[in-house]
A.B. asks: 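Have a look at this one before I ask anything.
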Amino acid sequence: MARIERNDALIMVFPIWWWSFPAMAKGWIDRVFNKDWAYGTGSLKLKRALLIGLSASGAPTYAKRGYDTAIETQQVVGIMNYCGIPDARFHYLHHSTNGGPRPAEMIDEARDLGREFAAGLA
């Protein structure tokens, strides 16, 4: 909690497992973002959050049944906004398990997202 309180923004990069955070990441949120600290009468003062989800498939797979919107709503509205973080954004990095040039491309994309976020644009 002290580490979070020293900052005004949070960036989380994670693989999407079963349309959500991996269990360890969700468990961390469940243990750290406690009632009366992160929500309720909480004191969480983060102003911004950027969530970057690594997806093994492409955007059409997530859009087909509205999973893209459901995941974003659950994580941005259901967790970040609920905990009082007013400016929370979600970005996908699709095809994360592709070989070839994709890993390097994802690093570049993540770097660009981080820079935009730091500049207040993401």
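FYI, side chains are in, hydrogens and waters are out, and symmetry mates aren't considered; it's all heavy atoms of this structure.
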A.B. asks: Looking at Arg111 and Glu116, is there a salt bridge between them, counting it only when a charged N and a carboxylate O are closer than 4.0 Å?
C.D. replies: no
A.B. asks: Are any non-hydrogen side-chain atoms of Asn34 and Met1 less than 4.5 angstrom apart?
C.D. replies: yes
A.B. asks: With the side chain counted from C-beta on, respond yes when Ile71 and Ile16 share a heavy-atom pair under 4.5 Å apart, and no when they do not.
C.D. replies: yes
A.B. asks: What's the spacing between Lys47 NZ and Asp8 CG if we round to 0.5 Å?
C.D. replies: 5.0 Å
A.B. asks: What is the ring orientation for Phe90 with Tyr92, classed by angle as parallel under 30°, tilted 30 to 60°, or perpendicular over 60°?
C.D. replies: perpendicular
A.B. asks: Starting at CD1 of Ile52, measure out to OG of Ser96 and round the result to the nearest 0.5 Å.
C.D. replies: 12.5 Å
A.B. asks: Grab the two heavy atoms, one from Pro15 and one from Pro22, that are nearest each other, plus how far apart they are.
C.D. replies: O-CD, 3.1 Å
A.B. asks: Would you compute the distance between atom CD of Glu5 and atom CG of Leu46 and round it to the nearest 0.5 angstrom?
C.D. replies: 9.0 Å
A.B. asks: Can you give me the closest heavy-atom contact between Leu44 and Ala38, atom names plus distance?
C.D. replies: CB-CA, 3.7 Å
A.B. asks: Identify the heavy atoms of Pro103 and Asn98 that sit nearest to each other, and give their distance.
C.D. replies: CD-O, 3.7 Å
A.B. asks: Would a 4.5 Å heavy-atom cut-off, applied to side chains only, mark Trp37 and Ile4 as touching?
C.D. replies: yes
A.B. asks: Membership question, hydrophobic clusters at under 4.5 Å side-chain separation (ILVMFWY): are Ile29 and Trp17 in the same one?
C.D. replies: no
A.B. asks: Return the minimal non-hydrogen interatomic distance between His94 and Gly58, and the atom names on each side.
C.D. replies: ND1-C, 3.6 Å
A.B. asks: Output, in order, the C-alpha distance, side-chain angles, deciding distance and verdict of side chain to side chain contact (heavy atoms under 4.5 Å, CB included) for Met12 and Met80.
C.D. replies: CA-CA 11 Å; Met12 296 180 72; Met80 299 300 152; 4.1 Å; yes
A.B. asks: So, do Ser57 and His95 sit near enough that their side-chain heavy atoms are less than 4.5 Å apart?
C.D. replies: no
A.B. asks: Taking Leu50 as the starting point, is it possible to reach Val76 by hopping between hydrophobic residues whose side chains are less than 4.5 Å apart?
C.D. replies: no
A.B. asks: Locate the shortest heavy-atom distance separating Phe14 from Leu51; write the atom from each residue and the value.
C.D. replies: CE2-CB, 4.0 Å
A.B. asks: With rounding to the nearest 0.5 Å, note down the distance linking NE2 in His91 to CG in Leu54.
C.D. replies: 13.0 Å
A.B. asks: Within a strict 4.5 Å, meaning less than it, do heavy atoms of the Phe33 and Trp28 side chains meet?
C.D. replies: yes
A.B. asks: Indicate the atoms forming the closest heavy-atom contact of Tyr82 with Gly78, along with that distance.
C.D. replies: CB-O, 3.4 Å
A.B. asks: Do Asp112 and Glu109 come close enough that some side-chain heavy atom pair is under 4.5 Å?
C.D. replies: no
A.B. asks: Would you indicate whether the side-chain heavy atoms of Leu93 and Arg102 approach each other to under 4.5 Å?
C.D. replies: yes
A.B. asks: Below 30° counts as parallel, above 60° as perpendicular, anything between as tilted: where do the rings of Tyr62 and Trp19 land?
C.D. replies: perpendicular
A.B. asks: A side-chain contact here means heavy atoms from C-beta on lying under 4.5 Å apart; do Phe21 and Ile79 qualify?
C.D. replies: yes
